[in-house]
Amino acid sequence: MACERSFYDAIPYRGIVVPNTYPAHLALCSLWHQGPRPPYDRFRLAEIGCGDGTNLLSLAFYDSESAFVGIDNSRAGLESAREAARSLGLENVGFVLSDIRDLRPTELSSCDYVIAHGLYSWVPEDARDAILAWCRQSLAPSGLAYISYNAQPGWATRRLVRETLSRSRSVREAAMESKADRATEVAAQLLEDLPSRDYASAVLLADELERVCHGKPCYVFHEYIAEVNDGFWLGDFVQRARRHGLDYVTDAQFCRWEGRVPEQLKTVLANRHLDRIEQEETADLLCHRYFRASILCREDAPRVPASRRDLLGKMHLATSLSAQADRSDLTDGTVERFRGVGGMEITVEACITKAAAVLLAAQWPLGMRLEALYGRATEFLAAHAYKASADAQSQLSDDLMALFEAGQVDLRLREPAYHTKVPDYPQAHALARFEAGHRDALTTPYHLPLPFDPQALSFVRALDGSRSRSELQRMFGEELVTQTLEVTRWTCRSFSGRPMLRASITSRFHSRLRRWEMTEQCVWMRPPWGTGEPKQVEATPEKIGPLMNAGWSQCPPPEKENHVDDETPRNPDLLR
């Protein structure tokens with residue numbers, strides 16, 4: 001089949017960074033659910049439908065010892081991706097122009113990760129089978145495939161709006177490049193004509209119409225106007241994957257705010273003697289879920305029967321939970337309320353957990369090992385004349401696991417070392433400067449985007465190491481420089497929900513950060529793992545074979561990292 005001109009050539013879709021595709025996050029999700037254990041450093045990753053490379057390039061930049069390949073049938077998208085790779089000097093990423101139905105798995109080496117985000121629902125049936133078949137044939141024995149798609153039953157409302165817009169005469173008769181604008185006009189009129197929002201169905205309809213009105217033209221076209229777009233029940237997706245030799249592991253959103261299932265509902269469903277997929281589908285119905293990001297593995301993949309309590313002890317923990325009271329009562333059994341991600345109120349009774357939350361929040365966004373956290377928490381309680389219970393250590397583990405699954409505690413397989421002091425001649429790394437010139441957000445080492453306003457982006461572009469802080473203040477003003485330097489020392493984590501901002505972020509950025517929760521340091525860091533800034537080389541399609549098939553024996557041994565399997569912290573010179 002020839003690689004025909006794609007809709008994405010005619011209506012380019014601007015790429016985004018997808019936090020759930022971060023390999024260390026996928027590995028953590030798999031281990032948490034007794035799945036395979038893929039490598040989360042020095043791995044091979046392929047992204048099907050990579051578009052302009054936005055998601056892939058940031059992964060490649062921060063992990064120069066791993067190999068990446070992007071596959072897409074949009075010539076314009078790949079040209080943009082290749083140009084960006086050349087600008088960043090990336091030698092560990094390549095691109096293939098191909099329809100997935102034409103690509104033979106033997107053309108590339110086996111992959112530890114395969115990503116297909118925003119693709120499965122938007123392609124014909126034979127292409128969906130091709131995606132699943134390629135994943136099975138390309139995955140390494142312990143590899144993971146991430147496939148996202150529109151999910152039923154929540155997607156049913158979007159399908160109704162999509163069909164309504166597509167049937168509108170003004171949309172049907174418009175030229176392709178004008179269809180999104182006409183659809184937006186129709187949605188705005190429908191929203192205005194909506195007689196009442198007193199009913200749940202009207203609230204859902206209004207929310208969907210507002211999404212159209214506020215969406216960018218490229219998003220509106222591909223989500224609501226393009227010829228193919230379908231939603232799927234999880235059970236149907238899993239059955240189809242099994243026919244291709246793949247097995248379902250979990251959902252990449254299970255420990256993120258957007259995938260949260262209330263604990264009470266989990267308990268109710270667990271008592272109904274449903275199988276796992278039936279429980280998930282029932283929760284999808286009751287929580288009105290309209291999007292899924294499923295993690296698959298080979299059906300013959302070796303599973304890792306690790307206990308969650310053991311895993312917890314090997315990871316780094318971090319949280320930004322903030323106590324609502326000015327002075328917390330640490331008495332065991334006394335309820336204290338904390339403000340969490342998405343504005344969620346968290347109640348904690350155990351004194352050891354309250355102390356741990358206070359200590360972690362005080363050093364946020366830095367993480368801490370469980371053993372060290374328990375030791376410091378017991379010392380903290382003793383210093384304030386409180387005594388932990390006999391089962392305090394077990395209680396702390398149970399509470400932290402519950403908070404993790406509720407999206408309120410971060411568990412990290414790797415924790416980079418980083419400096420917090422801004423140098424006299426600050427220099428943002430190459431990716432930050434590139435993104436400041438091409439996008440409205442900067443990507444962090446944890447694959448999380450931090451949005452900035454145009455003034456701040458202009459300032460970041462100027463951080464090339466040739467200007468002192470005093471020179472920058474004369475150029476941009478002391479207020480902007482001070483505020484932006486403060487913000488750019490942190491990264492943020494996206495959640496669908498209400499604001500959760502740290503006090504250190506000034507009001508100038510509140511409007512841009514209203515949907516983000518602050519977390520790790522970012523912009524001043526060189527890649528925290530790998531070999532540092534990559535060399536300037538040309539990434540061409542011809543390099544893809546050697547790139548994906550080169551033996552790892554040719555790679556230099558990695559420097560020590562502070563992660564699950566290595567207790568020695570790595571302290572490179574992170575500032576240039």
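Only heavy atoms go into these numbers, but all of them, side chains included; no hydrogens, no water, no symmetry mates. Numbers for residues simply follow the sequence, beginning at 1.
A 4.5 Å side-chain heavy-atom check between L431 and S58 finds at least one atom pair inside the cut-off. L411 has its side chain within reach of L28: a pair of non-hydrogen atoms, C-beta onward, lies under 4.5 Å apart. Counting heavy atoms from C-beta on, the side chains of L463 and L472 come closer than 4.5 Å. Proximity of E435 to F61: side-chain heavy atoms (C-beta onward) are nowhere separated by under 4.5 Å. Residues Q324 and F338 form no side-chain contact, since every pair of their non-hydrogen atoms from C-beta on lies 4.5 Å or further apart. Contact of the F452 side chain with the L450 side chain is registered, since non-hydrogen atoms from C-beta on lie closer than 4.5 Å. Using a 4.5 Å heavy-atom threshold, the side chains of T319 and L403 count as separate. Residues I71 and F95 form no side-chain contact, since every pair of their non-hydrogen atoms from C-beta on lies 4.5 Å or further apart.
Of all non-hydrogen atoms in L78 and C50, the two that sit nearest each other are CD2-SG, 3.5 Å. Smallest separation of non-hydrogen atoms from A140 and D112: CB-OD1, 3.9 Å. When all heavy atoms are compared, the tightest approach of A24 to Y40 is CA-CB, 4.0 Å. Among all heavy-atom pairs drawn from L59 and P23, the shortest one is CD2-CD, 3.7 Å. Contact between L321 and G340 at its shortest, heavy atoms only, is CD2-CA, 3.6 Å. Residues L360 and M368 share a closest heavy-atom pair of CD2-CB, 4.0 Å.
At a cut-off of 3.5 Å, with distance as the only test, a side-chain donor of E471 or S468 sits close to an acceptor on the other residue. A donor and an acceptor atom, one from each side chain of S466 and D464, are located under 3.5 Å apart. N55 and H447 share a side-chain donor-acceptor pair at under 3.5 Å. No hydrogens or angles considered: nothing links the side chains of H214 and Y219 as a donor-acceptor pair under 3.5 Å. Counted by atom type alone, T353 and D399 present one or more donor-acceptor pairs between their side chains at under 3.5 Å. Looking only at atom types and distance, the side chain of H117 has no donor-acceptor partner in the side chain of T21 under 3.5 Å away.
For the atom pair CG of L103 and CD1 of I48, the computed distance is 8.0 Å after rounding to the nearest 0.5 Å. Between H316 atom NE2 and R369 atom CZ the span is 4.0 Å, to the nearest 0.5 Å. Remark: R439 CZ to L457 CG distance equals 12.0 Å, nearest 0.5 Å. We find the CD1-CG distance between I115 and L45 to be 4.0 Å, quoted to the nearest 0.5 Å. Between the OG atom of S110 and the CZ atom of R44 there is a distance of 6.0 Å, given to the nearest 0.5 Å. Taking SG of C255 as the reference point, atom CE of M401 lies at 14.0 Å (rounded to 0.5 Å).
The main-chain N or O of A462 is found under 3.5 Å from a side-chain atom of R467 such that the two form a donor-acceptor pair. Side-chain N or O atoms of T184 include one that pairs as donor or acceptor with a backbone N or O of A180 at under 3.5 Å. Put simply, the side chain of N92 gets close to the backbone of S66: a donor and an acceptor are under 3.5 Å apart. Panel note: side chain R75, backbone L97; no donor-acceptor pair is recorded below 3.5 Å. Looking only at distances, no side-chain donor or acceptor of S98 sits under 3.5 Å from a matching main-chain atom of I100. A donor-acceptor contact shorter than 3.5 Å is absent between the side chain of R37 and the backbone of A27. Side-chain N or O atoms of Q363 include one that pairs as donor or acceptor with a backbone N or O of G367 at under 3.5 Å.
Ring geometry for H384 against F380 counts as tilted: the plane angle lies between 30° and 60°, on a 0 to 90° scale. In this pair, F68 and F43 present their aromatic rings perpendicular. The plane angle is above 60°, beyond the 30 to 60° band.
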Item to check | Worked check of side chain to side chain contact (heavy atoms under 4.5 Å, CB included) between I352 and T378 | outcome: CA-CA 7 Å; I352 190 69; T378 53; 3.8 Å; yes
Checklist entry - Would D72 and S74 satisfy side-chain hydrogen bond (donor to acceptor under 3.5 Å, both in side chains), going step by step from the backbone distance to the final call? => result CA-CA 6 Å; D72 208 292; S74 169; 4.6 Å; no
Item to check | salt bridge (Lys or Arg N to Asp or Glu O under 4.0 Å) assessment of D251 paired with R292 | outcome: CA-CA 7 Å; D251 195 273; R292 272 192 169 271; 3.1 Å; yes
Checklist entry - Under the salt bridge (Lys or Arg N to Asp or Glu O under 4.0 Å) criterion, do R412 and E415 qualify, and how do the steps go? => result CA-CA 7 Å; R412 302 170 183 163; E415 178 80 6; 2.9 Å; yes
Checklist entry - Are V93 and V69 close enough, and set up right, to give a side chain to side chain contact (heavy atoms under 4.5 Å, CB included), and what steps lead you there? => result CA-CA 5 Å; V93 62; V69 57; over 6 Å; no
Checklist entry - Given the rule in the side chain to side chain contact (heavy atoms under 4.5 Å, CB included) test, do S458 and F476 qualify, once you have shown the distances and angles that lead to the verdict? => result CA-CA 9 Å; S458 177; F476 294 94; 3.8 Å; yes
Next on the checklist: Checking L57 against L90 for the side chain to side chain contact (heavy atoms under 4.5 Å, CB included) test, could you report, in this order, the C-alpha distance in whole Å, the side-chain angles of both residues, the deciding distance, and whether it holds?
Outcome noted: CA-CA 8 Å; L57 292 173; L90 297 179; 3.8 Å; yes
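The only member of S30, C29, C135, C111 that meets side chain to side chain contact (heavy atoms under 4.5 Å, CB included) when paired with L144 is S30.
R376 and E379 are not joined by a salt bridge, as no carboxylate oxygen comes within less than 4.0 angstrom of a charged side-chain nitrogen. Using a 4.0 Å cut-off between charged nitrogen and carboxylate oxygen, R414 and D63 count as a salt-bridge pair. In this structure, K354 does not pair ionically with E336, as no charged nitrogen and carboxylate oxygen lie closer than 4.0 Å. Checked for salt-bridge contact, R86 and E83 meet the test: a charged N lies under 4.0 Å from a carboxylate O.
Within 6.0 Å of the CD atom in E371, the count of heavy atoms belonging to other residues, nucleotides or ligands does not exceed 12.
Under the 6.0 Å cut-off for aromatic ring centres, F404 and F254 qualify, their centroids lying closer than that.
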